[in-house]
Q: 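Here it is, the structure, as structure tokens.
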Protein chains: 2
Amino acid sequence: MTEHRPGPAVPAGGLRERKKQRTRDALLRAALLLFLSQGYDKTTVDEITDVVQVSQRTFFRYFANKEEVAFAVQDLVESHFVAALRARPASEGPLTAMRNAVLVAWDTVDEAISDVVPVDLYMRGYQLIESTPALLAVHLRRSTELEERIARLVADREGLDVDADPRPRVAVAAFSGVMRVTGRLWGQGQDTSVAAIRRMTEAYLDQIGPALAADWR
Amino acid sequence: MTEHRPGPAVPAGGLRERKKQRTRDALLRAALLLFLSQGYDKTTVDEITDVVQVSQRTFFRYFANKEEVAFAVQDLVESHFVAALRARPASEGPLTAMRNAVLVAWDTVDEAISDVVPVDLYMRGYQLIESTPALLAVHLRRSTELEERIARLVADREGLDVDADPRPRVAVAAFSGVMRVTGRLWGQGQDTSVAAIRRMTEAYLDQIGPALAADWR
DNA sequence: AGGCTAGTGACAGCGACTGACACTTCACAA
DNA sequence: TTGTGAAGTGTCAGTCGCTGTCACTAGCCT
């Protein structure tokens, strides 16, 4: 009996590891709640660690900086989108595949993250990012990294070399540009539901063709 | 003789104002040179103010934060592009106008900024931004603000309401997305000349059509 | 049982940034 | 020309994000 199947409700790993996970989760949740209730800038790391009863030094052992904790959930959603894109049939063209992937991703975010945080919390977190200059800046930089990943993925789908053919990067750039506008406008709007952002996404993607036409009249 | 025409080499304003301008310029130049020689992160504000012989407090009276000083020249170039876009004949469609505006802008950056800093310095500054995470993040956020300005400008050209018709923002987003890829790849490349980025700009813009086609084969 | 080491807390220190206040210096009017 | 107000600056003290160091505690493994 040196080994046994993992029980249903018991997280993997020894006591050490489980403790670690608990601290990280606690910090994450505490930070998110504080950010949402009083704003990111007005929340100090000390306040977060006070809630969790942990030294400030420990916070920085789990998160490289104060920003990182705000993007933990974002990471999940991004991976979720990438997975959705990967799942698209090879028969779909690049733009169609990306378009369908986002829409499917929005339709299934709930299941994808609900065991970490409720979707509602994620949505409010996203809005916080969009409305906090420091976070928005980091978000955009992270987005360009995601773009590169996607470009490589698209290139693979089409059997191309990203560095030889500019089309993958150009297509992804144009697509992502539109996604960003959508995110921004959604953040400014009233309806903060997933349905709202899904609707806007679709509407704006539909405008790529018309918007890029030579003449708008 | 309570007033006299401004002499040829004498900047406008009283002594007070001229002094102010000199301090600001000195700080700007000192900062840029330090950033370029030893990197942004490794340069402290104290080092900058030591060169100019000014207290740290004074630095922060001229620049809201350490980042701001790195974008002073960038500001000029952006305005230069906006001006170029404004100068495009109404007969050109949105995309054509933007495309021509960037190209013309690159062809004339030299004249536009040379009395503040040599173009070479600007180019190296741009590369610094692209390669410094903290600066890149801010750059991208600033870019979205510029995008909004451009979208309004484009909407005006076409006699549309930005908030009613999504096409201006979508077109600008797609365009800017491609511009960003260009900037990134240029920054990673070897040739740091204006000619190089102009060439890449043109090449990548040419790919928008093909990249957005349904089928790439 | 006892040594090993991962994880933590306490502390000191750096650098970006801010508020308060006193002081210098220019501007402008009497 | 001089005096007065305000603009611009330096000094100082303090906050906050973040890092290095070191000693200590508690799971782990033999």
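Chain letters run A, B, ... following the sequence lines, proteins first, then strands; residues in each count from 1. Quick caveat: nothing in here was measured; it's all calculated off a predicted structure.
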Q: So A:Phe81 and A:Ile150, do their side chains get closer than 4.5 Å, heavy atoms only?
A: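 Contact flag for A:Ile150/A:Phe81 side chains = yes.
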
Q: Can you tell me if the side-chain N/O atoms of A:Lys20 get under 4.0 Å from OP1 or OP2 in C:dG7?
A: yes

Q: Measuring from B:Lys20:NZ to B:Arg61:CZ, what's the distance to the nearest 0.5 Å?
A: 12.0 Å

Q: Look at the side chain of B:Phe60 and decide which nucleotide, out of D:dC18, C:dC17, D:dT11, has an atom nearest to it.
A: C:dC17

Q: Can you give me the closest heavy-atom contact between A:Glu147 and A:Val172, atom names plus distance?
A: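 Minimum heavy-atom contact is O-CG1, 3.6 Å.
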
Q: side-chain hydrogen bond (donor to acceptor under 3.5 Å, both in side chains) with B:Thr192: which residues, sequence neighbours excluded?
A: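 B:Thr192 satisfies side-chain hydrogen bond (donor to acceptor under 3.5 Å, both in side chains) with no residue once adjacent residues are dropped.
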
Q: Nearest-Å distance, CG (A:Asp46) to P (C:dG9)?
A: 13 Å

Q: Let me know the distance between NZ of B:Lys19 and P of D:dT9, rounded to the nearest Å.
A: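 For the pair B:Lys19 NZ and D:dT9 P, the rounded distance is 9 Å.
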
Q: Quick check against the 3.5 Å criterion: does B:Glu47 have a side-chain atom that pairs as donor or acceptor with the backbone of B:Thr44?
A: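 Yes; at least one donor-acceptor contact below 3.5 Å.
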
Q: Are OP1 or OP2 of D:dG8 and a side-chain N or O of B:Tyr62 less than 4.0 angstrom apart?
A: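 So the side chain of B:Tyr62 is outside the cut-off, no N or O lying under 4.0 Å from OP1 or OP2 of D:dG8.
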
Q: Mind calculating the distance between CG (B:Leu27) and P (D:dG8) to the nearest angstrom?
A: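 Distance, rounded to whole Å: 14 Å.
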
Q: Salt bridge between B:Asp41 and B:Lys66, side-chain N to carboxylate O under 4.0 Å?
A: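 Salt bridge absent between B:Asp41 and B:Lys66.
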
Q: Identify, between B:Arg57 and A:Gln53, the residue whose nearest nucleotide on DNA chain C lies closer to the 5' end.
A: A:Gln53

Q: What orientation do B:Phe63 and B:Phe59 show, parallel under 30°, tilted 30 to 60°, or perpendicular over 60°?
A: tilted

Q: Whole angstroms only, please: what is the CZ-P distance between A:Phe59 and D:dT19?
A: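 Those two atoms, CZ and P, are 11 Å apart.
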
Q: Is any side-chain nitrogen or oxygen of A:Thr58 closer than 4.0 Å to OP1 or OP2 of C:dT8?
A: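 No, A:Thr58 has no side-chain N/O under 4.0 Å of OP1/OP2 on C:dT8.
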
Q: Give the rounded distance in Å between these two atoms: CZ of A:Arg18 and P of C:dG7.
A: 14 Å

Q: Would you mind telling me which residue lines up with the more 5' stretch of DNA chain D, A:Phe63 or B:Thr23, judged by nearest nucleotide?
A: B:Thr23

Q: How long is the straight-line distance from CG of B:Leu36 back to CD of B:Gln127, given to the nearest 0.5 Å?
A: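 So the CD of B:Gln127 and the CG of B:Leu36 are separated by 9.5 Å.
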
Q: Could you list the protein-to-nucleotides 27-30 of chain C atom pairs, N/O on both sides, closer than 3.5 Å?
A:
residue: C:dA27; atom: OP1; partner: B:Leu15; partner atom: N; Å: 3.0
residue: C:dA27; atom: OP1; partner: B:Arg16; partner atom: N; Å: 3.2

Q: Expressed as a whole number of angstroms, how long is the span from A:Gln21:CD to C:dG7:P?
A: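 Going from CD in A:Gln21 over to P in C:dG7 covers 12 Å.
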
Q: Determine whether A:Arg86 and A:Asp156 satisfy the following criterion, salt bridge (charged side-chain N to carboxylate O under 4.0 Å, His left out), listing intermediate values before the conclusion.
A: CA-CA 10 Å; A:Arg86 244 184 256 280; A:Asp156 278 358; over 6 Å; no

Q: Return the value, rounded to whole Å, for the distance between atom NZ of A:Lys66 and atom C1' of D:dT15.
A: 12 Å

Q: The test is salt bridge (charged side-chain N to carboxylate O under 4.0 Å, His left out); show your working for A:Glu148 and A:Arg152 and say whether it passes.
A: CA-CA 6 Å; A:Glu148 179 67 13; A:Arg152 289 176 187 280; 3.0 Å; yes

Q: Here's a test of your reading of the structure: between B:Arg61 and B:Asn65, which maps to the more 5' nucleotide of DNA chain C?
A: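 So the residue in question is B:Asn65.
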
Q: Of the residues in residues 33-45 of chain A, which ones touch DNA chain D at a heavy-atom distance under 4.0 Å?
A: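 Listed by number, they are A:Thr43, A:Thr44, A:Val45.
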
Q: In this structure, how many angstroms lie between the P atom of D:dG17 and the CD atom of A:Glu68, rounded?
A: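 In whole Å, D:dG17 P and A:Glu68 CD are 15 Å from each other.
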
